[in-house]
Amino acid sequence: MNFFQAIFLGLVQALTEYLPVSSSAHIRIVGDLMLGSDPGAAFTAIIQIGTELAVLLYFRHDIWNILKNWCICLAGKNGKDWKHRLGEGNKDARLGWYIIIATLPIVFAGLLFQDAIENTLRNLWITAAMLLVFGIILWIVDDRAPQVKTIDDMTTKDAVWYGIGQMLALIPGVSRSGGTITFGRAMGYTREAAVRCAFLMAIPAVFGAGILEAVKAVKEANDPTVNAMFPGWGATIAATVVAFVVGYIVIIGFLKFVSTFSYKAFAIYRIALAVIVAILLLTGVLQPLEGMALGGNA
């Protein structure tokens, strides 16, 4: 991977991370087409931090209010009983607890099914199927579900359902934001509220996992047997900066878009991409699993 290829992948990451189109699918597909291989765990994990930093910057005031009020209530400053410690009468503190609840499913599933997630589920046929299926579901749900609920209307039950939607994103092609947004719309949340919930609820899981993966990746980055595609630190940092800057712009644009338009365009894009990936697989341009072409030639 050279400098310009790294920058391009950083741009792909920024353009797809927040949209309900699956950034992991795009990085895998574009990486295979451009490089003939997966870009590698080290590079991918590090540029993801760039997009997550953009989320932290954009939602900094929301995050600060949630953390501050959650700590105040937990410390018993609003009341010593357990109801007040769990955020009764304080919507920001309650939202903090809901984010924790929504994070648990993806954490447990990630630990329990780590091997399948890193191997079996990375099959591009599965990715194409998920792009198609969840594209259709998003289209139907967004078209038929009412827009009546905001973040302030969230309940513990809703947080659990949001968590399940986020958990499904462990399957490449589902899309973390796509799964969360689809479940949110199905519960009657407005399009903008569903997006905000998707962003806020992803922060602990995605940023935490990204940091852990990045630490591991940094240790292995200079090992060519582990990260043969690693382009070097200069290109990787540049790609991360691109992911951060462009990602911040995408967040602004996406929130404005969904306040006016439906998710239909994203659903159509997912379905079209699924068809294209299937054609590329059938013609042998793409291989279902990383390393299959090499294995077949051995």
Side-chain angles (χ1 to χ4, degrees), residues 9 12-13 15-41 43-45 47-48 51 105-142 161-183 185-186 198 202 205-206 209-210 213 229 263 266-297:
L9 285 173
V12 171
Q13 168 67 21
L15 292 174
T16 59
E17 172 66 20
Y18 315 110
L19 308 182
V21 297
S22 182
S23 62
S24 61
H26 281 77
I27 291 294
R28 169 70 197 283
I29 294 165
V30 173
D32 274 9
L33 291 174
M34 185 170 63
L35 306 170
S37 176
D38 190 298
F43 178 78
T44 303
I47 64 173
Q48 284 177 340
T51 49
I106 194 172
V107 171
F108 289 136
L111 293 173
L112 289 173
F113 303 106
Q114 182 177 1
D115 183 64
I117 293 166
E118 294 179 352
N119 296 285
T120 307
L121 294 179
R122 289 186 63 81
N123 189 308
L124 278 179
W125 280 114
I126 295 177
T127 300
M130 293 299 99
L131 283 168
L132 176 65
V133 171
F134 273 83
I136 294 172
I137 294 174
L138 175 61
W139 191 338
I140 294 173
V141 167
D142 186 50
W161 280 114
Y162 267 120
I164 294 173
Q166 184 170 234
M167 177 189 69
L168 292 175
L170 291 171
I171 306 172
V174 171
S175 170
R176 181 199 52 74
S177 62
T180 313
I181 288 170
T182 300
F183 273 65
R185 288 292 295 117
V206 178
E213 285 295 323
M229 300 304 297
Y263 293 108
F266 299 107
I268 293 174
Y269 175 83
R270 289 178 63 99
I271 294 169
L273 181 61
V275 173
I276 292 172
V277 172
I279 292 172
L280 293 176
L281 286 167
L282 288 171
T283 56
V285 176
L286 289 176
Q287 296 298 323
L289 287 171
E290 178 69 17
M292 280 190 64
L294 295 175
N297 293 332

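- F134 has its side chain within reach of L168: a pair of non-hydrogen atoms, C-beta onward, lies under 4.5 Å apart.
- Within the 3.5 Å criterion, the main-chain N or O of Q166 finds no donor-acceptor partner in the side chain of R176.
- Minimum interatomic distance between A109 and L170 (heavy atoms only, all atoms of both residues): CB-CD1, 3.7 Å.
- No side-chain heavy atom of F108 sits less than 4.5 Å from a side-chain heavy atom of M167.
- To the nearest 0.5 Å, atoms CG (L15) and OG (S23) are separated by 11.0 Å.
- Closest non-hydrogen pair, I27 versus L9, comes out as CD1-O, 3.7 Å.
- F183 and W161 make their closest contact through CD2-O, 3.2 Å (heavy atoms, listed as atom of the first residue, atom of the second, distance).
- Interatomic distance, L280 CG to L124 CG, rounded to the nearest 0.5 Å: 9.5 Å.
- No donor-acceptor distance shorter than 3.5 angstrom exists from the side chain of Y269 to the backbone of P20, with no hydrogens or angles considered.
- The distance from the CD1 atom of I136 to the CD1 atom of I268 is 11.5 Å, given to the nearest 0.5 Å.
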| message | side chain to side chain contact (heavy atoms under 4.5 Å, CB included), that's the test. Do L273 and V21 meet it? Break it down for me. | response | CA-CA 9 Å; L273 181 61; V21 297; 5.9 Å; no

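- A donor-acceptor pair is defined here as one N or O able to donate and one able to accept, closer than 3.5 Å; such a pair exists between the side chain of S177 and the backbone of L19.
- Closest approach of V277 to I29, counting heavy atoms only: CG2-CD1, 3.4 Å.
- Of the inter-residue distances, the one linking M130 atom CE with I171 atom CD1 reads 6.0 Å to the nearest 0.5 angstrom.
- Across all their heavy atoms, G173 and R270 have their closest contact at O-NH2, 2.6 Å.
- Note that CG of L35 and CG of D32 are 8.5 Å apart. Values are rounded to the nearest 0.5 Å.
- Nearest heavy atom pair, residue P172 against residue S22, reads C-OG, 4.4 Å.
- Atoms CD1 and CD1, from I276 and I271 in turn, are 12.0 Å apart once rounded to the nearest 0.5 Å.
- Of the possible polar contacts, none joining the T127 side chain to the A25 backbone as a donor-acceptor pair under 3.5 Å is found.
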